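Atoms within each ligand, like the ligands themselves, are counted from 1 in listed order. On a predicted model such as this, the values are computed, not experimentally measured, just so you know.
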Amino acid sequence: MKISLLYNTVLLFGPPGSGKGTWGKILGMMPGFYHLSTGEMFRRMDIESELGQRVMAYMRQGDLVPDQIVFNLWTQHMQNAALIGTFKPQKDILVLDGFPRTQSQAETLKTVAHIKAIVLLHCADPEILVARLHRRAVQENRTDDASEPIIRRRLVVFEREMNRTLAVFPNDLIDSVEVSQPPVRILAALGAILARRLAPEES
Ligand code: AMP
């Protein structure tokens, strides 16, 4: 299918446990914003289906789901959301969390999205992330964070792919927010970044 319109998009980028999902949900509650987490999309799949089982097997190991599967499911999701009207491609800002995660995903995304801002949720101390992921595994029963080796593997995979993925975009689109600071400060920083990046262009 030919996509003639580029989605106006904000990328939330950061390691597991950095709060992408939380901040993505919060931003997605604002009128005119639509949030999609690919991790959440995968967790909602029918695990009885063959594809659901394949996806879950990657997630359980802390590995990335192959690019082609990710992009197919992402495209289907976006088209369905536009069809049922929860996402209005002409008007809404799409907030993506957890996508893209590889160079190839970033290159493909660029063909369908106009990236307005990239927010890198940075954590000065990785042990804070490990502790958060442990807590979340218990609270939310997340199998992909079930054990310390898998948590550490997820962090290694993120570090491995981050630079190559970000390199696909202009460096001056990227703003960094430190996530070990109190939530109100993170919220203020995010608000300031988006107010600046999403301001209407002057003619
Ligand atoms: P998240 O909820 O974003 O931490 O994602 C949980 C898991 O889903 C990851 O560890 C990957 O196994 C898988 N996943 C989510 N997004 C992607 C993506 N864009 N590419 C590949 N795998 C992904």
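- More than 12 heavy atoms of other residues, nucleotides or ligands shown are found within 6.0 angstrom of CD1 on I128.
- Residue contacts with ligand 1: D97 is placed with no nitrogen or oxygen under 3.5 Å of a nitrogen or oxygen of the ligand (distance criterion only).
- A donor-acceptor pair under 3.5 Å is absent between the side-chain atoms of Q61 and the main chain of Y58, judged by distance alone.
- Geometrically, ligand 1 and Y58 share no nitrogen or oxygen pair separated by less than 3.5 Å.
- On a distance-only criterion, G62 and ligand 1 share no N/O pair closer than 3.5 Å.
- The N/O atoms of G98, backbone and side chain alike, include one that comes under 3.5 Å of an N/O atom in ligand 1.
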D97/K25 under salt bridge (Lys or Arg N to Asp or Glu O under 4.0 Å): CA gap, chis, key distance, verdict: CA-CA 9 Å; D97 104 50; K25 273 192 201 118; over 6 Å; no
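- With atom 5 (O) of ligand 1 as the reference point, the heavy atom nearest to it among M41, M59, M56, R101 is part of R101.
- Defined by atom type and a distance below 3.5 Å, a donor-acceptor pair is present between the side-chain atoms of N72 and Q68.
- Near T38, meaning under 4.0 Å from any of its heavy atoms, are these atoms of ligand 1: 15 (C), 16 (N), 17 (C), 19 (N).
- Under 4.0 angstrom from ligand 1, the non-hydrogen atoms of V70 all belong to its side chain.
- The 12-atom threshold is exceeded at CZ of R160, counting heavy atoms of other residues, nucleotides or ligands nearer than 6.0 Å.
- The shortest N/O to N/O separation between Q105 and ligand 1 falls below 3.5 Å.
- Here E127 pairs with R152 under the salt bridge (Lys or Arg N to Asp or Glu O under 4.0 Å) rule; sequence neighbours left out.
- Distances between N or O atoms of K20 and those of ligand 1 include no value under 3.5 Å.
- Against a heavy-atom cut-off of under 4.0 Å, R43 is close to the following atoms of ligand 1: 2 (O), 6 (C).
- Near D63, meaning under 4.0 Å from any of its heavy atoms, are these atoms of ligand 1: 11 (C), 12 (O).
- Counted within 6.0 Å of CG on D46, heavy atoms from surrounding residues, nucleotides or ligands total more than 12; the atom is thus considered enclosed.
- Atom OG1 of T38 and atom CG of L36 lie 6.5 Å apart (nearest 0.5 Å).
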